[in-house]
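Positions are given from 1 along the sequence.
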Amino acid sequence: MKKILTVIVALVMAVPMSAQYYRGGSSIDKSNLYYGARFGLTMANTSGDIDLGTKSGMTLAGVIGMQVSSVTPLFIESGLYYTQRGGKGTHEDQKWDSNLNYLELPFLIKYGIKTNSDFALLPFVGPYFSYAMSGKTKKDGVKHSSFVNNAFHHPDMGFKVGCGVEYNMVYLEAGFQIGVADISDTDESTHGNAFFVNFGVNF
């Protein structure tokens, strides 16, 4: 994670102060508030004592962002996400296939960098807080709730880091979700992680 943060900071610092900065579709001197919709793919896993491999899921979200300074292209973005995570693999000689369906609230800091007249880069980093509303875990073919029989906790939190690209109103982003909360409902320590790609629009 330190290497990723170093790259993002270097990218931001390398842009000359005389360059034009945009949120993307709207110049920063025209609007300081935007709304957006997101649809995407997650490739999730768990790490730690319960180490499960990649499982794919989807993301649906509505977001809102605001410029926090009138002189720099710094934005704070939040919203409400529905995201599917979990993992698939073998633990203690049992085959696990776990689904965890979260409602998620992120708080992201974004920096808008105009690359030309149409495109803008938006590197971002920030924490997220989420709660698993539902989920099923299959152990050796027997399916039950993901929150009973020594499986998982409902709450989770961690950090997101990545970069978005905006073309007028169209938006695309990719990044990593790194869990720091212990989501295991056992004496074992386990964290949820994901790689995500989201597509959407900003208004």
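Residues Tyr111 and Ile113 meet the side-chain proximity criterion, which asks for heavy atoms closer than 4.5 Å.
Of the candidates Lys139, Lys138, Lys55, Lys55 is the only one forming a side chain to side chain donor-acceptor pair (under 3.5 Å) with Asp97.
Ring centroid separation for the pair Tyr167 and Phe119 comes in under the 6.0 Å cut-off. For an aromatic pair to be called close, the ring centres must be under 6.0 Å apart, and Phe147 with Phe152 fails this.
Between Thr90 atom OG1 and Asp140 atom CG the span is 8.5 Å, to the nearest 0.5 Å. Atoms OH and CZ, from Tyr128 and Phe107 in turn, are 14.0 Å apart once rounded to the nearest 0.5 Å.
Both the sub-6.0 Å distance and the 45° axial angle are not jointly satisfied by Arg38 relative to the ring of Tyr81.
Scanning all heavy atoms of the two residues, the minimum distance from Arg85 to Ala194 falls at CD-CB, 4.1 Å. When all heavy atoms are compared, the tightest approach of Gly79 to Leu105 is O-CD1, 3.0 Å. Counting all heavy atoms, side chain and backbone alike, His91 lies closest to Asp49 at CE1-O, 3.2 Å.
Placement of Val180 and Leu52 in two distinct hydrophobic clusters is found when ILVMFWY residues are connected by side-chain heavy-atom separations under 4.5 Å, directly or transitively.
Few gaps surround CE on Met58; more than 12 heavy atoms of other groups in view lie less than 6.0 Å from it. More than 12 heavy atoms of other residues, nucleotides or ligands lie within 6.0 Å of CG in Leu103, so this atom counts as buried by the packing criterion. Within 6.0 Å of CG in Asp187 there are 12 or fewer heavy atoms belonging to other residues, nucleotides or ligands.
The side chain to side chain donor-acceptor pair (under 3.5 Å) test applied to Thr42 returns no partner, not counting sequence neighbours.
Looking at Asp185, its side chain never comes within 3.5 Å of a backbone N or O of His153 through a donor-acceptor pair.
No hydrogens or angles considered: nothing links the side chains of Tyr34 and Gln67 as a donor-acceptor pair under 3.5 Å.
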